[in-house]
Amino acid sequence: MMSIYLLASAMAATSPAAPADAATIAAIEATCFDYIDGQLEGAPDRVARSLHPDLAKRAVIGDTPYERLGLRRMTKEELVNLTKNGVLKTPRETWNRSCRVLDVTDSAASVRLETPWFVDYFHMGRFDGKWIIVNALWYSKPKK
């Protein structure tokens, strides 16, 4: 009897989660668009509300003279300041971006953001019913 319980527990632990409902997907996408649209508008408050205070935003840079397996690191404050300075400010008529929710559980989600310039992979967490970006791994697209 114990082995049946253990088998059932193992199966439940490895079963895929039920698909997220439309409202959850919309809330996750809204956070993704706050992140990118806020940067494209030059709206730092919009970007800030999409980010966890302890955001870890990174890009792979590889080995450098100073670091093996090097990463470019950015904090929430750095990203918000770049937005204040209008680094990505872009006329709305030229915006081309997409957010795709890859996976969702009760309190975690994986999301892919794509623009003409870069791709971000986000880990989002749900805190008090609000989705925010906790981790981001990004890469720049080659210049055309």
Side-chain angles (χ1 to χ4, degrees), residues 2 4-64 66-143:
M2 181 62 151
I4 292 173
Y5 172 77
L6 291 174
L7 179 61
S9 295
M11 288 175 60
T14 60
S15 298
D21 60 52
T24 299
I25 297 295
I28 292 167
E29 289 173 340
T31 298
C32 183
F33 286 118
D34 276 345
Y35 172 89
I36 188 58
D37 293 357
Q39 291 179 68
L40 296 174
E41 291 171 346
D45 291 343
R46 190 169 179 191
V47 174
R49 76 177 179 218
S50 73
L51 303 174
H52 188 278
D54 196 26
L55 171 74
K57 181 173 171 69
R58 298 180 174 103
V60 173
I61 58 173
D63 293 345
T64 73
Y66 310 102
E67 184 177 29
R68 171 119 174 81
L69 306 175
L71 294 170
R72 160 94 165 73
R73 294 167 178 87
M74 189 180 304
T75 65
K76 175 181 180 175
E77 292 77 21
E78 289 170 317
L79 185 57
V80 170
N81 284 332
L82 288 171
T83 304
K84 282 180 187 172
N85 293 330
V87 171
L88 279 183
K89 195 164 183 177
T90 305
R92 185 176 296 268
E93 60 274 5
T94 64
W95 289 9
N96 180 13
R97 79 279 189 265
S98 65
C99 292
R100 185 166 42 120
V101 177
L102 304 174
D103 189 38
V104 181
T105 66
D106 182 54
S107 61
S110 293
V111 180
R112 183 179 194 273
L113 163 67
E114 184 166 1
T115 74
W117 314 284
F118 57 85
V119 174
D120 270 292
Y121 292 96
F122 298 138
H123 289 139
M124 291 188 190
R126 185 166 61 179
F127 298 88
D128 296 325
K130 180 174 173 12
W131 290 94
I132 57 175
I133 300 165
V134 177
N135 298 309
L137 181 64
W138 66 279
Y139 69 90
S140 293
K141 291 182 172 180
K143 298 201 186 311

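Throughout, numbering of the chain's residues begins at 1 and tracks the sequence.
When all heavy atoms of Val47 and Gly38 are compared, the pair lying nearest together is CG2-C, 3.5 Å. Contact record, Val134 with Gly125: CG2-N, 3.8 Å, taken as the closest heavy-atom pair.
Atom CG of residue Leu88 and atom OG1 of residue Thr83 lie 7.0 Å apart, to the nearest 0.5 angstrom. Note that the CE atom of Met74 and the CG atom of Asn81 stand 10.5 Å from one another [nearest 0.5 Å]. The distance from the CZ atom of Arg100 to the CG atom of Leu113 is 11.5 Å, given to the nearest 0.5 Å. With rounding to the nearest 0.5 angstrom, the CG atom of Leu40 is 8.0 Å from the OG1 atom of Thr94. For the atom pair Phe127 CZ and Ser107 OG, the distance stands at 8.0 Å (nearest 0.5 Å). Interatomic distance, Lys84 NZ to Glu77 CD, rounded to the nearest 0.5 Å: 9.5 Å.
At least one side-chain heavy atom of Glu78 sits less than 4.5 Å from a side-chain heavy atom of Thr75. Side-chain atoms of Thr115 and Asn96, non-hydrogen and from C-beta on, never get closer than 4.5 Å to each other.
A salt bridge links Lys57 to Asp120: at least one charged side-chain nitrogen sits closer than 4.0 Å to a carboxylate oxygen. Between Glu114 and Arg112, at least one side-chain N (NZ, or NE/NH1/NH2) sits under 4.0 Å from a carboxylate O, which counts as a salt bridge.
Listed by chain and number, the residues in a salt bridge (Lys or Arg N to Asp or Glu O under 4.0 Å) with Arg73 are Glu67 (sequence neighbours excluded).
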- [ ] Please report the C-alpha distance between Val111 and Ile28 in whole Å, then the side-chain angles of each, then the deciding distance to 0.1 Å, and finally whether the side chain to side chain contact (heavy atoms under 4.5 Å, CB included) criterion is met.
- [x] CA-CA 8 Å; Val111 180; Ile28 292 167; 3.4 Å; yes

Open item on the list: I'd like to know whether Lys141 forms a side chain to side chain contact (heavy atoms under 4.5 Å, CB included) with Val119, so could you lay out the CA-CA distance, the side-chain angles of the two residues, the decisive distance to 0.1 Å, and finally the verdict.
Closed with: CA-CA 7 Å; Lys141 291 182 172 180; Val119 174; 3.8 Å; yes

TODO: Check step by step if side chain to side chain contact (heavy atoms under 4.5 Å, CB included) holds for Leu71 and Ile61.
DONE: CA-CA 5 Å; Leu71 294 170; Ile61 58 173; 5.5 Å; no

- [ ] Test Leu51 against Ile132 for side chain to side chain contact (heavy atoms under 4.5 Å, CB included), laying out the working first.
- [x] CA-CA 5 Å; Leu51 303 174; Ile132 57 175; over 6 Å; no

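Surrounding CG of Asp63 are more than 12 heavy atoms belonging to other residues, nucleotides or ligands, all under 6.0 Å away.
Contacts classified as ring pair (Phe, Tyr, Trp, His ring centres under 6.0 Å) and involving residues 85-123 (residues at least two apart or in different chains) are given here: Tyr35-Phe122. Screening residues 26-49 for salt bridge (charged side-chain N to carboxylate O under 4.0 Å, His left out), with sequence neighbours left out, gives Asp34-Arg46, Asp34-Arg49, Asp37-Arg46, Asp37-Arg97, Glu41-Arg46, Glu41-Arg92.
No donor-acceptor pair under 3.5 Å is formed between the side chain of Asn85 and the backbone N or O of Val87.
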